[in-house]
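A short worksheet on the structure shown next.
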Amino acid sequence: MPVFLPDNPAKDDLLAGIPTLWLNPHLKHNDIADPGQRHRSSQVADAEANWRRLAPLLQLLFPELESTGGLIQSALIEAEKLRDALGYRGPDYGRIFVKADNDLPVAGSIKARGGVFEVFMFAEQLAREKGILTPEDSITALAQEEARTLFGHYTIAVGSTGNLGLSVGIAARSLGFKAVVHMSADAKQWKVDRLTRLGVKVVRHKADYTTAVEQARSDAEADPSIYFVDDECSELLFFGYSAAAKELAGQLAAAGVTVDADHPLFVYLPCGIGGAPGGVTYGLKAIFGDNVHCFFVEPVQSPCAMVHMMSDSDELVSVYDAGLTNRTEADGMAVARMSAFVAEAMRPILAGIFTVADDDLFRWLWQAQDSQGIRLEPSATASFAGPGFIVAGDQGRTFLAEQGLAARVAQAAHVLWTTGGAFVPQDQYARFLERGAAIAEASARNPVSANGE
Ligand SMILES: Cc1ncc(COP(=O)(O)O)c(C=O)c1O
């Protein structure tokens, strides 16, 4: 049944699978502080404190975290050369940064921030319940034999398009849990192979992500020794991601970036089911309030957040309801139906959503490598369209005018969140680059900007 979408400047392009920007009509000022909301900003601070508490254990289990004392963090890189390659020249574009979660330790994607957090929080809770971790014990006791033996009786299960499975599988195996990852048909073989090598059981589904999650959930319900990481509903994932906001705030300050009413911050986040970009957005709103403007980005055939949030429906609307295919090379974002709780949390705080074409993802992947040596997977490049939409697009200009930012845009900072890539095997990456270079060459001969303007 085709979905009813209200009139909106982005509607026709959305339905036609053409890159577009949708502005959220429900955006409210300072809504994160509203006590009527289901979540509280103190939950972000709790997540940050929990990460710090888990850090000594993480450092013990993942030696690559030595330099950060066990914190899973990524660099903030000024896109000095990349911005030129993307066509964002001139003062109107302010300063442009890449938040390099593509290089995030432990799992090589933004999913480390959620998946690792949830698995470690569960492990701690289980160990406390079973009396293995007392208030006097160091958290590092969870790496000892007694805890590992306990964890070995439990299975962590998750449905995944790939990267969440990697992060949950890696985290679970590091503590001695068994792990089962239900992969959607979109998952890339190298992600399956990597998990299998770690001793994770991978169940491959012919169906899409929503089906993989449903299967994982129903298996877990039938067996009390299975703990299910539920990407559609998990608040632990959401708040695990949210802690990235404080990290970014510190890095912006260190780079001399002021964020206030005269110096807006724009953040662009690739979206699959919505948990990762939603959690980061929530954390950023808790810190910067009205001075940060967060946008999700999705593939043109998998814009599950855009169709649902545009529809205003109480029931979840999927991309199939809008006649779209959910086919994309951006496996991390190949999600047909967004998380209902993320949709609700984003309704008053998300500035908007834009869509991108697969060819552009590959072109940007090549440009990121060529200009600044940044290694990405296709999903992770999607945010690159952001400054173009906001600064140079019609809808972007409307947004700036409505928010009173038109005269301040040159003082803005833009953050392109690059969400995965470090673990892509070299032969696969070489093929990505080849495809991206060919597209870049063709579009240099026949230039059309990503937002079609
Ligand atoms: C590289 C990458 N970027 C973005 C996302 C989107 O995250 P979410 O599904 O939580 O919206 C994913 C999800 O797997 C991903 O793998």
Side-chain angles (χ1 to χ4, degrees), residues 74 98-104 107-118 158-170 181-184 186-188 190-191 194 208-210 212-213 229-242 244 267-283 294-299 302-306 308-309 326 328-343 345-346 350 353 356 361 364-365 368 374-384 416-424 432:
S74 70
V98 167
K99 179 64 177 146
D101 274 10
N102 56 294
D103 225 2
L104 214 53
S109 85
I110 191 170
K111 299 274 120 179
R113 299 185 183 276
V116 175
F117 187 69
E118 175 146 4
V158 67
S160 176
T161 55
N163 283 332
L164 183 63
L166 268 182
S167 87
V168 167
I170 290 168
V181 175
H182 293 259
M183 292 276 203
S184 61
D186 316 275
K188 300 287 179 220
W190 69 265
K191 294 180 182 174
R194 189 160 183 141
D208 73 1
Y209 182 62
T210 305
V213 172
V229 176
D230 193 338
D231 203 14
E232 287 189 329
C233 314
S234 168
E235 299 204 351
L236 272 177
L237 287 177
F238 185 83
F239 284 104
Y241 297 121
S242 77
V267 182
Y268 310 108
L269 295 143
C271 171
I273 205 160
V280 173
T281 295
Y282 194 88
C294 296
F295 291 84
F296 287 2
V297 46
E298 303 181 293
S302 300
C304 61
M306 194 188 287
H308 177 66
M309 293 187 73
N326 193 28
T328 172
E329 289 287 335
D331 51 330
M333 298 191 288
V335 178
R337 196 179 73 184
M338 85 176 295
S339 152
F341 105 81
V342 173
M346 292 302 104
L350 188 67
I353 304 173
V356 290
L361 300 179
W364 294 328
L365 183 145
I374 299 172
R375 182 190 184 97
L376 302 176
E377 60 183 277
S379 303
T381 71
S383 61
F384 290 2
L416 318 175
W417 213 288
T418 54
T419 46
F423 283 10
V424 179
F432 287 162

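Along the sequence shown, residues are numbered consecutively beginning with 1. Atoms within each ligand, like the ligands themselves, are counted from 1 in listed order.
When only non-hydrogen protein atoms are considered, atom 16 (O) of ligand 1 lies nearest to Asn163 ND2, 2.7 Å. Ile273 N, 2.9 Å is the protein heavy atom nearest to atom 9 (O) of ligand 1. For atom 8 (P) of ligand 1, the nearest protein heavy atom (residue, atom name, distance) is Lys111 NZ, 3.3 Å. Scanning the protein heavy atoms around atom 4 (C) of ligand 1, the nearest turns out to be Thr419 OG1, 3.6 Å. For atom 12 (C) of ligand 1, the nearest non-hydrogen atom of the protein is Gly332 O, 3.4 Å.
Proximity of Ala276 to ligand 1, defined as any heavy-atom pair under 4.0 Å, is shared by backbone and side chain alike. Of all the heavy atoms of Thr161, the ones lying under 4.0 Å from any atom of ligand 1 belong exclusively to the side chain.
In summary, the aromatic rings of Tyr282 and Phe239 are positioned with their centroids under 6.0 Å apart.
Residue Gly274 has at least one N or O atom closer than 3.5 Å to an N or O atom of ligand 1. Taking distance alone, with nitrogen or oxygen atoms compared against 3.5 Å, Gly272 approaches ligand 1 more closely than that limit.
In the model, Ser74 has a side-chain atom that pairs as donor or acceptor with a side-chain atom of Asp101 under 3.5 Å.
Using a 4.0 Å cutoff on heavy atoms, Pro277 counts as a contact of ligand 1. Ligand 1 lies less than 4.0 angstrom from a heavy atom belonging to Cys271.
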